[in-house]
Amino acid sequence: MENENRELLKEAAGLISSDLQTPISMQDWDEEALVQYLTPLVRGMLDRDFNRFLQICYRIDLGEKKLKTILAEAPPETLAETLARELVARQVQKILLRRKYSGH
């Protein structure tokens with residue numbers, strides 16, 4: 001099961017890497033490490049390129065309602081981490097759905 005989770009996170013990281021157009025190379029594929037890796041990248045986009053971040057959220061299909069809720073309710077000091085966590089969760093969810101319907 002743990003191996004399956006690592007593969008799932010590795011695949012999610014690859015998708016996120018593609019969406020962010022930033023290579024993600026990690027040795028230890030656990031969710032917390034991936035979120036911590038993504039948090040400063042998300043923070044940078046929030047600070048410097050918010051429109052690009054919104055486009056990425058749209059491409060990942062994070063959901064406008066969820067995004068607005070997070071932006072409105074998350075404390076500023078944890079906003080980037082919360083968004084990074086949601087990006088990972090959404091990509092994992094999409095991978096699981098694809099696997100379910102492809103018979104994988």
Side-chain angles (χ1 to χ4, degrees):
M1 184 67 145
E2 185 177 323
N3 215 16
E4 183 179 331
N5 286 341
R6 286 182 191 274
E7 286 302 314
L8 193 60
L9 287 169
K10 187 175 182 178
E11 191 174 339
L15 293 172
I16 294 168
S17 174
S18 175
D19 288 321
L20 296 179
Q21 298 175 345
T22 302
I24 297 176
S25 58
M26 296 174 55
Q27 300 302 315
D28 186 18
W29 292 101
D30 72 0
E31 185 174 356
E32 195 56 37
L34 182 55
V35 168
Q36 293 309 312
Y37 183 88
L38 293 173
T39 297
L41 298 173
V42 170
R43 186 177 301 118
M45 283 188 286
L46 290 173
D47 292 344
R48 293 185 294 282
D49 202 351
F50 188 68
N51 285 332
R52 178 172 173 241
F53 181 73
L54 292 178
Q55 290 172 351
I56 289 167
C57 288
Y58 177 75
R59 210 171 28 245
I60 289 175
D61 192 26
L62 187 57
E64 185 177 349
K65 184 177 179 181
K66 180 172 272 209
L67 181 60
K68 283 183 177 181
T69 300
I70 293 169
L71 291 172
E73 297 176 4
E77 61 275 3
T78 62
L79 179 61
E81 181 179 342
T82 302
L83 288 167
R85 198 171 299 285
E86 288 298 324
L87 293 176
V88 171
R90 179 63 185 133
Q91 288 296 38
V92 167
Q93 181 184 37
K94 285 171 38 180
I95 292 165
L96 290 172
L97 283 171
R98 281 187 204 130
R99 287 181 181 179
K100 178 179 178 180
Y101 291 106
S102 73
H104 179 38

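Quick note: numbers below take in every heavy atom, side chains included, and nothing from hydrogens, waters or symmetry partners.
- Annotation: the span from Ile56 atom CD1 to Leu20 atom CG amounts to 4.5 Å, rounded to 0.5 Å.
- In terms of heavy atoms, Ala84 sits closest to Val35 at CB-O, 3.9 Å.
- When the shell of 6.0 Å around CD of Gln36 is examined, it contains more than 12 heavy atoms from other residues, nucleotides or ligands.
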Please list every donor-acceptor pair under 3.5 Å in which a side-chain atom of residues 86-94 meets a protein atom from a residue at least two apart or in another chain.
residue : atom : partner : partner atom : Å
Glu86   : OE1  : Lys66   : NZ           : 3.2
Arg90   : NE   : Asp61   : O            : 2.8
Arg90   : NH1  : Gln93   : OE1          : 2.7
Arg90   : NH2  : Asp61   : OD2          : 2.9
Gln91   : OE1  : Lys94   : NZ           : 3.3
Gln91   : NE2  : Asp19   : OD2          : 3.0
Lys94   : NZ   : Ile60   : O            : 3.1

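- With values rounded to the nearest 0.5 angstrom, Ile70 atom CD1 is found 8.0 Å from Leu79 atom CG.
- Between the side chain of Thr22 and the backbone N or O of Ser17 there is no donor-acceptor pair closer than 3.5 Å.
- With rounding to the nearest 0.5 Å, the separation of CG in Leu71 from CZ in Phe50 is 5.0 Å.
- For the side chain to side chain contact (heavy atoms under 4.5 Å, CB included) test, no residue two or more places apart in sequence or in another chain qualifies with Ser18.
- In this structure, Glu77 does not pair ionically with Arg43, as no charged nitrogen and carboxylate oxygen lie closer than 4.0 Å.
- Contact check for Glu32 versus Arg85: side-chain heavy atoms found under the 4.5 Å cut-off.
- Cluster annotation: Leu96 is connected to Leu15 through the hydrophobic network of ILVMFWY side chains, with a link wherever side-chain heavy atoms come within less than 4.5 Å.
- The closest side-chain heavy-atom distance from Ile16 to Tyr37 is not below 4.5 Å.
- Of the charged side-chain nitrogens involved, none lies within less than 4.0 Å of a carboxylate oxygen, so that Arg98 and Glu11 do not count as a salt-bridged pair.
- Rounded to the nearest 0.5 angstrom, Thr78 OG1 and Leu83 CG are separated by 9.0 Å.
- One finds the CD atom of Glu64 at 10.0 Å from the OG1 atom of Thr69 (value rounded to the nearest 0.5 Å).
- Rounding to the nearest 0.5 angstrom, the gap separating the CD atom in Glu31 from the CG atom in Leu9 is 6.0 Å.
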